[in-house]
There are 4 protein chains.
Amino acid sequence: MTNVNGVSGEYLRSYIERIERLEEEKKALADDIRDVFAEAKGNGFDTAIMREILKQRKKDASELEEAEYLLDVYKRAIGMLPELDEENV
Amino acid sequence: MTNVNGVSGEYLRSYIERIERLEEEKKALADDIRDVFAEAKGNGFDTAIMREILKQRKKDASELEEAEYLLDVYKRAIGMLPELDEENV
Amino acid sequence: MTNVNGVSGEYLRSYIERIERLEEEKKALADDIRDVFAEAKGNGFDTAIMREILKQRKKDASELEEAEYLLDVYKRAIGMLPELDEENV
Amino acid sequence: MTNVNGVSGEYLRSYIERIERLEEEKKALADDIRDVFAEAKGNGFDTAIMREILKQRKKDASELEEAEYLLDVYKRAIGMLPELDEENV
DNA sequence: AACGTTGAAATAGTTC
DNA sequence: GAACTATTTCAACGTT
């Protein structure tokens, strides 16, 4: 095929089309996921909570604890929570 | 299976697991796409250009739809088309 | 000014331009907010936690409790948490 | 003020409150924009059309930038421009 | 007023 | 580690 300034049009086209095909499949899966959420919602489940569960299943326990701990520290710093005294530390 | 406060664990678990499976497949495709870019790059292609080309091709495709939609909106605004109701959608 | 099919161009232009001006100001504020986050980050604060605090200050306490409660119920339903026995309910 | 686990409550509170103030102003502008749309609608204008016009005007503005960017990318790819390094960015 | 749809904002991940 | 892209999330809007 064409070869312009050392660029093989044949190869380039092949790469572009492979990527486009893969992206189509990826989009189809995203639609499937959307459908499952919709079905769950139709059966009375709260999808926001479901998303939270999926997120937590991805993270390991230590990460979650660390995030919660830091949130508490910040809240205490601005008085949204009472300060701990040494006996509780 | 368990039924906690009116929430069916069986159904919920099924939804969660279906979504997790679909997300795995989706991630695999994302990895494939990355591989194609890497291969192209290894063969001397500029991936920034490739991404531009992909963007343009997507835009060209969607611009036709957009143009048709726009035309409809305008026609409807000046009474060349009837207002939408569910039967026409 | 022009009047096409009963549409006053003068009024329309005025509305469009008022909206564009307001959107510019809105964008400027969004940039300011971004800057404050950047500054906080530069001084060692964790912006994700800060966003969480802002979110919680918007919600009232009852909403937060409700969301946490529902999350627990769902987790129990799929066995991510042990079930409560009556004595703890 | 308080200093909890190395987190300065004074600074944190200041950041939080600055952001909350900016977000209030931002929200006020969003309300203003909504009012203009409502007023236009009350005077017989089609807000869908107005939104389309605003979108087009935004697009036209950004398309020039996009075109310039695209030109640069292409020139760089065929060596008509030097590669970027931090001094040129 | 709930629903899905759409557009904007934020987060996460990738690349250089 | 800084910038860019991509994905996810959030909020608004019209619609039913």
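Treat the numbers as computed from the prediction; the structure is a model and nothing was measured. Proteins get letters first, then strands, A, B, ... in listed order; numbering begins at 1 in each.
Residue-level contact check: Lys27(A) touches neither bases nor backbone, having no heavy atom under 4.0 Å from any strand.
Regarding contacts with the backbone of dT14(E), a side-chain N or O of Arg34(B) is found under 4.0 angstrom from either OP1 or OP2. For Lys59(D) and dG7(E), the shortest distance from a side-chain N or O to OP1 or OP2 is not below 4.0 Å. Residue Lys55(D) places none of its side-chain N or O atoms closer than 4.0 Å to OP1 or OP2 of dT6(E). The side chain of Arg51(B) places no N or O atom within less than 4.0 Å of a non-bridging phosphate oxygen (OP1 or OP2) of dC4(F). Considering only side-chain N and O atoms, Lys26(B) lies under 4.0 angstrom from the phosphate OP1 or OP2 of dT8(F). Proximity of Thr47(D) to the phosphate of dG14(F): a side-chain N or O atom is located under 4.0 Å from OP1 or OP2.
In this structure a side-chain-to-backbone donor-acceptor pair under 3.5 Å is missing from Tyr74(C) to Tyr69(C).
Of the two residues contacting DNA chain E, namely Glu52(D) and Ala38(A), the nearest-nucleotide position lying further toward the 5' end is that of Ala38(A).
The nearest whole Å value for the distance from the CG atom in Asp31(C) to the P atom in dA10(E) is 10 Å. Phe37(B) has its CZ atom 13 Å from the C1' atom of dC4(F), to the nearest Å. Atom NZ of Lys41(C) and atom P of dA2(F) are 9 Å apart (whole Å). The distance between atom CD1 of Ile53(C) and atom P of dA10(E), rounded to the nearest whole Å, is 17 Å. Going from atom CZ of Phe45(D) over to atom C1' of dG14(F) covers 20 Å, rounded to whole Å. At whole-Å resolution of the value, CD1 in Ile33(B) and P in dG13(E) are 17 Å apart. When rounded to the nearest whole Å, the span between CG of Leu54(D) and P of dT6(E) equals 18 Å. The interatomic distance linking Glu23(A) (CD) with dT7(F) (C1') rounds to 13 Å, in whole Å.
Under the 4.5 Å side-chain heavy-atom criterion for ILVMFWY residues, no single connected hydrophobic cluster contains both Leu70(A) and Leu81(A).
Using a 4.5 Å cut-off on side-chain heavy atoms (C-beta onward), Arg51(C) and Gln56(C) make no contact. Looking at heavy atoms from C-beta onward, Ile33(D) lies in side-chain contact with Phe37(D) at the 4.5 angstrom threshold.
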Should Lys55(B) and Lys59(B) be marked as a side chain to side chain contact (heavy atoms under 4.5 Å, CB included) after you check the CA-CA gap, both sets of side-chain angles, and the distance that decides it?
CA-CA 6 Å; Lys55(B) 197 196 286 180; Lys59(B) 201 175 118 188; 5.8 Å; no

